[in-house]
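Side chains included, hydrogens not; waters and symmetry mates left out as well; all remaining heavy atoms used. We name chains A, B, ... by the order of the sequence lines, and we start the count at 1 in each one. Everything numeric here is computed off the predicted structure, so don't read it as measured data.
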There are 2 protein chains.
Amino acid sequence: MERMNSLQTLEPAVDASCCVPSERPALNAEEAQQKALIFKALADPNRLRLLSIVKAGESGGSCVCDLTEPLDLGQPTVSHHLKILVEAGLLHREKRGTWAYYSLIPGALDDVAGILATL
Amino acid sequence: MERMNSLQTLEPAVDASCCVPSERPALNAEEAQQKALIFKALADPNRLRLLSIVKAGESGGSCVCDLTEPLDLGQPTVSHHLKILVEAGLLHREKRGTWAYYSLIPGALDDVAGILATL
DNA sequence: CATCTATATCGATGATTGTCAATCTGCATG
DNA sequence: CATGCAGATTGACAATCATCGATATAGATG
């Protein structure tokens, strides 16, 4: 299970040869599952709020203690949601001393938008 | 429950007065729930494939019978997934004779991308 | 009207998920 | 080393969800 998605490598150069969009043959089961994982991560109100707060507080990242209160959720629950967002390739986690700081991975949300555009 | 989302009216002119992005105060619980509904609709591999197939077959829409086989799912299950996509404001359903034709709502996926961009 | 066909709805079931309380880990500081 | 604190992990439980088989609805056609 470790390190599930990377978003960066999700569309690994569809065609190494050359150009032409080459008749996209409609998502196969495997691709669909990959991409669904990312949308699953976004499919919870509290996780959307976490992303929103982390994005708004862009300046070294937000620590869990800052995120627990506004959501009115227990600390373990927030940790759990954050883990899902990290595994989806949307957030980055950095431990500094006792605290863990979470920050948006640059471009990650744009990549998701790209997935939608190329469905 | 009827007619849940419209996507078009989800961002109802954030600010009627004028300009300035006006310090977005991080998703509140209600907005988050609304938006999560849309991502929930996208958070299933088979629904992603349905969207993909419907999008690819843009020419009057795809009927359920065309969608059942490629997904290898029962007809009731496909109908169920399609309903969820319609309720999320992503697909349009049109009954012609005995058949039901589904088509992408123009701009709907772009609107979702917009939600991501303004998180 | 009887029948056929395409699709929708219903009821049940197994799987997944969100949440919490309890516990564990690891860093920091007295 | 003992204590305290931030955060992660675990185990349990209720709620939600995806799927299916059976059935219902509603056009079309004989």
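For the pair Leu27(B)/Lys35(B), a side-chain contact is recorded, criterion being any heavy-atom separation below 4.5 Å from C-beta on. Two residues are said to be in side-chain contact when any heavy atoms from C-beta on lie closer than 4.5 Å; Leu85(A) and Tyr102(A) fail this criterion. Leu51(A) places a side-chain heavy atom less than 4.5 Å from the side chain of Leu42(A). For the pair Glu31(A)/Asn28(A), a side-chain contact is recorded, criterion being any heavy-atom separation below 4.5 Å from C-beta on.
Sorted by first and then second residue, the salt bridge (charged side-chain N to carboxylate O under 4.0 Å, His left out) pairs involving residues 97-110 of chain B (not counting sequence neighbours) form an empty list. Residues in residues 44-56 of chain B take part in no salt bridge (charged side-chain N to carboxylate O under 4.0 Å, His left out) pair, two or more places apart or across chains.
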Table please: side-chain donor-acceptor pairs of residues 62-76 of chain B below 3.5 Å, with sequence neighbours left out.
residue	atom	partner	partner atom	Å
Thr68(B)	OG1	Val64(B)	O	3.0
Gln75(B)	NE2	Ser79(B)	OG	3.4

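Rounded to whole Å, atom P of dT5(C) lies 17 Å from atom CG of Asp66(B). Atom CD of Glu94(B) and atom P of dA6(C) are 18 Å apart (whole Å). What separates CD of Glu87(B) from P of dA8(C) is a distance of 12 Å, to the nearest Å. We find that CG of Leu82(B) is positioned 10 Å from C1' of dT7(C), with the value rounded to whole Å. Rounded to whole Å, atom C1' of dA6(D) lies 13 Å from atom CG of Leu67(A). In this structure, Leu85(B) places its CG atom 12 Å from P of dA8(C), rounding to the nearest Å.
Remark: Lys83(B) is not in phosphate contact with dT7(C), judged by side-chain N or O atoms under 4.0 Å from OP1 or OP2. Residue Arg93(B) places at least one side-chain N or O closer than 4.0 Å to OP1 or OP2 of dA8(C). In this structure, Tyr102(B) does not reach the dA6(C) phosphate: none of its side-chain N or O atoms is under 4.0 Å from OP1 or OP2.
Glu94(B) meets the side-chain hydrogen bond (donor to acceptor under 3.5 Å, both in side chains) test with Arg96(B); sequence neighbours excluded.
When every heavy atom of Ile53(A) is checked against every heavy atom of Ala26(B), the shortest pair comes out as CG1-CB, 4.0 Å.
Each end of the helix from dC1(C)-dG30(D) to dG30(C)-dC1(D) gets its own axis from five base pairs, and the two axes differ in direction by 20°, given to 10 degrees.
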In 5'-to-3' order, the base (B), backbone-only (S) or no-contact (-) status of each nucleotide in nucleotides 17-30 of chain C, using a 4.0 angstrom heavy-atom cut-off, is SSBBBB---BSS--
